[in-house]
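Proteins come first, then strands; the chains are lettered A, B, ... in the order of their sequence lines, and each starts at number 1.
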Amino acid sequence: MAKHGGWAGKVLRVDLSTGKISTENTIEKYKDFIGGTGIGYKVIWDEVPSATKPFSPENKIIFGTGPLAGTGAPCNGKTAITTLWPTCWPKPLVASGHMGGHFAAELKYAGYDAIIIEGKSEHPVWLSIEDARVELNDARRLWGLGIRRTTYEINLQMGHEASVAAIGQAGENLVPMSVIINSVSHSAGGGAVMGSKNLKAIGVRGTGSVYISGKKEEWEKAIKFHLSLLGANNQHVVPSSPQPWAEYYSPGSRWISSKGRNWEASRPPIETGSCDPHNLNRIAYRSNNAVFFLGNDAWKYTVRGNGCTGCPIRCHTILRVPSVYSKYAIPEIGQNTCGGLNFGRAFFKTFPDGPKSQTSIEACMVGMHFADDLGIWNNYGLLQRDFQKLYYDGILKTKIDEKEYKSYSWDKFEKGDPGFLFELLPRIARKDGELATALGMGTGYMLERWGISEEDWKKDPALQYWKMGHPRHHSNEDSGQIGVIINTQYNRDAQCHSHTNFIRNGLPIEVQKRLASELWGSPDAVDATLAYTPMNIYKAKMAKWSLLRKELHDALALCNWMGPISASPLKERGYRGDDSIESLLYTLATGDKKSCQELDHVAERILLLHRAITIRDMGTKEMRTMHDTIPDWVFEDIKDKSPFSKGTNRMDKEDMRIAMDMYYEEMGWDKKTGAPTLETYRKFDLGDVAEKLKQKGLLP
Amino acid sequence: MIKECSKAILDSIRESSKSGLLLPEKEIFSKFTQKLVKSHEQIRDDAIKAMLDEVISSNEDITVLYDSIYCRYYYSALTMTEAYARLLLLKKENSLHLMASIIRENSAKYPRPIPITVFQNFPFELRQDDILLCINKMIELQEYEDIEQVTTSIGNLFFYSKRYLDFDYAMMLAEWEDVGCIENP
């Protein structure tokens, strides 16, 4: 067999029930699925029977990297964690989470593309991987510890270069809303699945490297080219304020650097400066997500940005906030981005000193301290929105007894006192009391436990609840019908950023339309924000492209929070990105020459397999009505503005019916049921999958 | 001497642009007349004008802009965009005109209202009181009657031009940027 670059070549399989550790050949078994979620879905389809419960030993959890992990390709730090998702309601189904950090690279350097964890250990263990030396170790002394301490203890043993992916008390206690974290702050869900297997952590240290098939100079040229097209976080390609080099700017951009804006908690302070996009050594200074979310006050606490392997964006801002040590006796240093950064702050409706204030920053620090140590998941902010609704609508009082209700300091909560989080978050991790237990189950199961109709949650636009226990994730608010289609497709929140990274890139609408015309065949593929037009086929093409690129990134180990590169900050390129950057890097790294269309074909196979597993495990082919559902609030407007008028996100039901028709047609799926056809499965070499579905009557 | 001076003028313009500044013609005259001090004043001015013309015609990146009283300013397109150069020119002149231009441009081009913080931050660096003073003055002047403001649910002020955005649209766009984008990261 020809030697491939990119892939390490082996997949590690660890059976916790028997202690057996084995390897299998990545290329022979998984090449058609590339890596990441591709390997994950393949394992779930082949090996995890329908009706398996998430915490059953028969469930498997797959840590999948891809051929670009651990290379010099920008933003290559993702490990896809695929398993039966315990918060998926009313029935757990396959889903994946995407953990950044350094775990993926270390795993590749150790010689593995993925780890398949199966079975259940009799007692707590942790897995150590040091190149070919793979061992299960007794973890009884680590059980009960938080993620930080666990990581520290394992690093003491394996050395500081090891990357440790661990669960906290939430995962140990089988709290469905729990995460796995590596490299301090890089998380993905599935913590309780690890906990159910008595697996506390995986420590990995590799001393090898990733072989690149292409010529060194061509590879280096490709990397420099890719770097030259990068914007700031979320591929925002214009600065947030006018800069000498910039033709455009957008106050909503995450490209925040500027003259006079400093990382003031660095010693000495560092000016971020103008950051001309041609200066590739200044990419890391462009983004500051703490400032983006918390306002200019966060500059004074900023030490620097931090991030994943091979990523110059550094979206996890490191903050030093001395006051939290004196007030709350927690470390004055914290780091995270987006939902993790806002974890604590998002619980509160107000703060005594305003929404972007000192207290809100302290709430972020307290939230990060607990969530990233106990290992609690926020379900893309739905945990916090649920909590606010339950409290302010008076539901809580009716669901928990008086003694428990009084055990919380609600005055602190109402005032926006971060001290309240000391009462709530550890209890969620311990399943301590009715409230904490219910919150930790995830929205769907919490509603069921408390006899609340899901329909009530679907009606409230403030909750942003979508379906199956999860919220919207860049839906109609970002790109009208395109976002809606994307949000119908997964078994948890969609986590697709391909479309939103384009829509929010900061370029004027005329430029966006020109780029859209080149990428998806017509300027009509995109609308100005909040000025949506009726559905057209180009929007369906953009929706499909968005989903395929998400799957492709998840399989290659690239970050979909930073891609695709559909636009760039370069005026001389007319702000074009490069739609084929993935195939350029894949081909050079692996030596397997694949065009952009051929890679999209593989991505479609992966998405199709996800669909097939979902159909098999739901036991119905009626996906259009049973799975691809849209909540009521998408079709409503607070001012009753009609769909397609300016200033509303409101979608039209008949138009969305047409949108789904167009999408299914683009995908080669049956329009009536939303299920892929036999021909489509065959087109993607999934004829065997189709046969199994056919036997169960699950083909249209 | 002439050749050296031309080169020095070119370098000065490019250096200014690199530092994010326009170079006013009067500054060029003041700096380079000293180098030609032995000549008659008229000859010096003529010589500098000739050198400037030469610099512009021989270097595609060097561009001239005029302010409202026809004073000339130079910049290099190698490191500064026309959009930014025009913004600097506006900043040197009337604050009302500056703010209205920026607000109208944003409403027309993107389209979006813009937050007050845009004017507080680099490169405008106006104080909040001064911004509000400008806005209040605008309300009294017919030439700015299209400039309007909205306040988001978390109390932040955004400005827009009603030539391009109606109130509802501007309000929702402001709310989206100030609240929606943060809640949907």
Side-chain angles (χ1 to χ4, degrees), chain A residues 234 240-252 254 258-261 274 276 289 292-296 337-339 341-342 346 354-356 380-381 385 464 471-475 477-478 500 504 506-512 528-531 561 571 638-639 641 645-649, chain B residues 16-22 75-88 91 102 105-106 108-125 152-156 158 165-185:
Chain A
N234 286 173
S240 66
S241 57
Q243 298 296 326
W245 56 266
E247 194 177 20
Y248 306 118
Y249 62 95
S250 168
R254 296 194 186 193
S258 179
K259 185 181 171 189
R261 292 180 174 176
S274 183
D276 185 307
N289 279 351
F292 178 80
F293 288 106
L294 306 171
N296 281 333
T337 185
C338 300
L341 177 74
N342 287 293
K356 292 182 179 178
Y380 194 57
R385 292 192 291 274
Q464 301 174 24
R472 76 177 181 191
H473 199 141
H474 304 306
S475 64
E477 80 282 7
D478 263 314
T500 186
R504 297 195 201 181
L507 291 167
I509 185 64
E510 265 186 37
V511 180
Q512 288 192 334
T529 300
L530 288 159
W561 282 252
K571 186 184 175 192
I638 199 162
K639 291 182 179 173
K641 294 194 77 146
S645 56
K646 286 186 175 176
T648 183
N649 281 330
Chain B
S16 288
S17 297
K18 214 171 170 182
S19 308
L21 300 169
L22 294 174
Y75 71 94
S76 163
L78 292 177
T79 50
M80 186 180 286
T81 60
E82 186 186 344
Y84 192 80
R86 289 197 179 281
L87 186 152
L88 290 181
K91 192 182 164 190
I102 297 293
E105 184 192 36
N106 275 272
K109 194 185 272 186
Y110 289 92
R112 63 181 175 224
I114 56 164
I116 189 170
T117 48
V118 164
F119 296 113
Q120 292 170 310
N121 289 335
F122 178 88
F124 305 101
E125 293 167 321
T152 65
S153 62
I154 57 170
N156 291 324
F158 279 66
L165 304 174
D166 64 33
F167 174 80
D168 274 0
Y169 190 23
M171 183 68 236
M172 288 298 287
L173 283 168
E175 189 68 14
W176 167 240
E177 180 160 321
D178 208 25
V179 181
C181 283
I182 305 298
E183 287 182 352
N184 297 274

Measuring heavy-atom distances to chain B, does [X] have an atom under 4.5 Å in its side chain, in its backbone, in both, or in neither?
X: A:Leu341; answer: neither
X: A:Gln243; answer: both
X: A:Thr337; answer: neither
X: A:Ser258; answer: side chain
X: A:Ala346; answer: neither
X: A:Pro355; answer: side chain
X: A:Asn649; answer: neither

Might you point out which heavy atoms bring A:Gly252 and B:Glu177 nearest each other, and give the distance in Å? N-OE2, 3.5 Å
In terms of heavy-atom contacts, A:Gly647 and B:Met172 come closest through O-CG, 2.9 Å
Quick one, [X] and [Y] - any side-chain contact, counting heavy atoms below 4.5 Å?
X: A:Pro244; Y: B:Thr79; value: no
X: A:Pro242; Y: B:Phe124; value: yes
X: A:Val511; Y: B:Tyr110; value: no
X: B:Asn184; Y: A:Arg504; value: yes

Taking [options] one by one, which has the highest count of heavy-atom pairs under 4.5 Å against chain B?
options: A:Asn342, A:Leu530, A:Ile509; result: A:Leu530
options: A:Lys571, A:Arg472, A:Arg254; result: A:Arg472
options: A:Phe292, A:Tyr380, A:Trp245; result: A:Tyr380

Heavy atoms only, distances under 4.5 angstrom: which of [options] has the most pairs with chain A? Name it, please.
options: B:Asn106, B:Asp166, B:Ile114; result: B:Asn106
options: B:Pro111, B:Pro123, B:Ser19; result: B:Pro123
options: B:Thr81, B:Ile102, B:Leu87, B:Leu21; result: B:Thr81

So, taking the atom named [atom1] in [X] and the one named [atom2] in [Y], what distance separates them when rounded to the nearest 0.5 Å?
X: A:Lys356; Y: B:Ile154; atom1: NZ; atom2: CD1; value: 5.5 Å
X: B:Met80; Y: A:Asp276; atom1: CE; atom2: CG; value: 12.0 Å
X: A:Lys639; Y: B:Met171; atom1: NZ; atom2: CE; value: 7.0 Å
X: B:Leu173; Y: A:Thr529; atom1: CG; atom2: OG1; value: 7.0 Å
X: B:Ile182; Y: A:Cys338; atom1: CD1; atom2: SG; value: 9.5 Å
X: A:Tyr249; Y: B:Asn121; atom1: OH; atom2: CG; value: 11.5 Å

Decide if atom [atom1] of [X] counts as having more than 12 heavy atoms of other residues, nucleotides or ligands within a radius under 6.0 Å.
X: A:Lys646; atom1: NZ; answer: no
X: B:Lys18; atom1: NZ; answer: no
X: B:Lys109; atom1: NZ; answer: yes

side-chain contact (heavy atoms from CB on, under 4.5 Å) between B:Phe122 and A:Arg261, intermediate numbers included: CA-CA 9 Å; B:Phe122 178 88; A:Arg261 292 180 174 176; 5.6 Å; no
Are the side chain of A:His474 and the backbone of B:Pro185 linked by a donor-acceptor contact shorter than 3.5 Å? yes
Under the side-chain contact (heavy atoms from CB on, under 4.5 Å) criterion, do B:Glu183 and A:Arg385 qualify, and how do the steps go? CA-CA 10 Å; B:Glu183 287 182 352; A:Arg385 292 192 291 274; 5.5 Å; no
